[in-house]
Amino acid sequence: MEGCHSGNIVASLVGAVVSIVAVRLVYVMYWTCRPHRIKQHRLGTLIVLGSGGHTAEMLSIINVLQKDTFVPRFYVAAATDNISLQKAKVLEESLIQKDEIGKRNIEEVAYFTKIYRSREVGQSYLTSICTTLVAMMHALWLMLKIRPNVVICNGPGTCVPLCLIAFIFKVAGVRWSSIFYIESIARVRRLSLSGLLLYKFHIADQVYVQWPQLQRKYPRAHYVGLLM
Amino acid sequence: MSCVAMEEERVKKVVFVTVGTTCFDALVKSVDSQNVRDELWKRGYTDLLIQMGRGCYIPSKISEEACSLNVDFFTFSPSIADYLRSASLVISHAGSGSIFETLRLGKPLIVVVNEDLMDNHQSELAEELAERKHLFCATPQTLHQTIEAMDSSSLIPYQPGDAMRVAMEINKFLGFPAE
């Protein structure tokens with residue numbers, strides 16, 4: 001009897017928690033993808049860099065964003081990628097040169113971090129499990145430290161766990177963020193896997209595409225023309 | 001004798017080949033092949049400079065014929081901008097970085113698609129831009145035919161895009177004034 005009774009309590013507790021989470025999830029999913037009025041004047045911005053063409057496209061976006069609003073900026077790139085963060089640093093330094101209103105130090109506005117990749121090309125599946133776990137923990141630790149208001153990414157696989165954590169933060173009430181995904185110019189006919197995941201599961205608030213035929217295929221995406 | 005005289009008369013015209021950070025031996029082999037070299041020479045090019053990336057195929061610098069292209073190669077360079085600027089024709093892998101860097105400089109471009117790549121979404125971009133007549137698209141096997149048939153005056157100059165619309169959309173979504 002006793003065991004049965006406590007079993008009932010546990011079951012109803014679990015039920016209550018599950019329904020609270022479910023209600024919260026629905027709430028978050030409702031407000032994701034809907035424009036909102038932001039009251040803050042400074043938005044901590046996480047920028048996920050890919051390699052080569054991806055980085056060039058991303059930096060062209062950062063170059064035209066309002067630098068006093070999207071600040072501080074946290075740049076993240078894969079640990080094996082030595083060039084992308086360097087290019088971001090060059091951009092940030094040139095922005096400081098241009099900034100006439102009170103010279104600021106780069107340390108106040110921009111941070112540069114490397115992130116472990118879950119799997120390198122050619123790695124075996126057994127070691128992949130370990131490295132994936134390490135990568136996930138590292139991503140979580142980084143996100144807890146940064147807690148961005150805005151996430152901007154454009155394609156590398158590393159952006160999916162980061163966006164997922166940002167989404168979980170929304171559900172858990174840790175931090176509300178707006179997630180923007182810009183599909184790379186190289187994707188003409190289909191979204192990349194990262195883009196597709198963030199689009200299908202409503203994780204990204206906005207998905208931008210650079211080719212009109214992609215917008216026709218994915219109607220919730222927004223066509224923004226070519227970046228390069 | 002006549003060959004040397006001809007060579008002196010020729011204006012230096014460089015063909016720059018780039019494979020980016022990839023390994024694309026099929027392209028390096030193709031531009032190194034005698035029929036591609038002959039075709040480039042026939043079209044008035046004098047120099048062939050190859051950025052070969054991580055590939056292990058080494059092009060031959062010496063040709064059997066006295067009258068032919070000067071060939072040179074290197075693996076990587078921090079920036080290929082200067083090489084692109086000095087080139088009269090660019091032959092590139094299908095990476096979007098090299099493609100748009102070349103198009104924005106207004107150089108005639110042949111993109112060679114790597115058919116060995118598993119997820120070959122890169123050919124999408126090259127084919128789309130070829131359809132819009134911004135560049136020529138080839139494979140390592142068809143490169144010499146593309147060079148033979150190409151007419152660079154048929155290319156339409158590429159109008160560079162910009163990121164303003166993305167920035168405006170982001171601002172609009174966050175409720176900031178669009179400017």
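Reminder, nothing fancy here: chain letters follow the sequence lines and each chain counts from 1.
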Tell me, for [X] versus chain A, whether the close heavy atoms (under 4.5 Å) come from the side chain, the backbone, both or neither.
X        : answer
B/Phe100 : side chain
B/Glu127 : side chain
B/Leu103 : neither

Is it the case that B/Arg10 places NZ or CZ above or below the six-membered ring of B/Trp41, under 6.0 angstrom from the centre and within 45 degrees of the axis? yes
For the residue pair A/Arg34 and A/Tyr30, would you count it as a cation-pi contact if the rule is NZ or CZ under 6.0 angstrom from the ring centre and within 45 degrees of the ring axis? yes
Using non-hydrogen atoms only, which part of [X] is less than 4.5 Å away from chain B: side chain, backbone, both, or neither?
X        : result
A/Ser60  : both
A/Leu43  : side chain
A/Ile182 : side chain
A/Tyr223 : both
A/Gln210 : neither
A/Thr69  : side chain

Top contributor to chain A interface from B/Gln159, B/Arg104, B/Glu101, B/Arg165 [non-hydrogen pairs under 4.5 Å]: B/Arg165
Less than 6.0 angstrom separating the ring centers of B/Tyr83 and B/Phe74, yes or no? yes
Would you say the ring centers of A/Phe167 and A/Phe201 fall short of 6.0 Å from each other? no
Would you name the heavy atoms of B/Cys23 and B/Gly55 that are closest together and state the gap between them? SG-CA, 3.7 Å
Answer yes or no: is there a side-chain heavy-atom contact under 4.5 Å between A/Thr158 and A/Val48? yes
Can you tell whether the side chains of B/Asp38 and B/Arg43 come within less than 4.0 Å, N to carboxylate O? no
Looking at B/Lys29 and B/Asp32, is there a salt bridge between them, counting it only when a charged N and a carboxylate O are closer than 4.0 Å? no
From the list A/Ala56, A/Gly53, A/Ala186, the residue making the most non-hydrogen contacts under 4.5 Å with chain B is A/Ala186
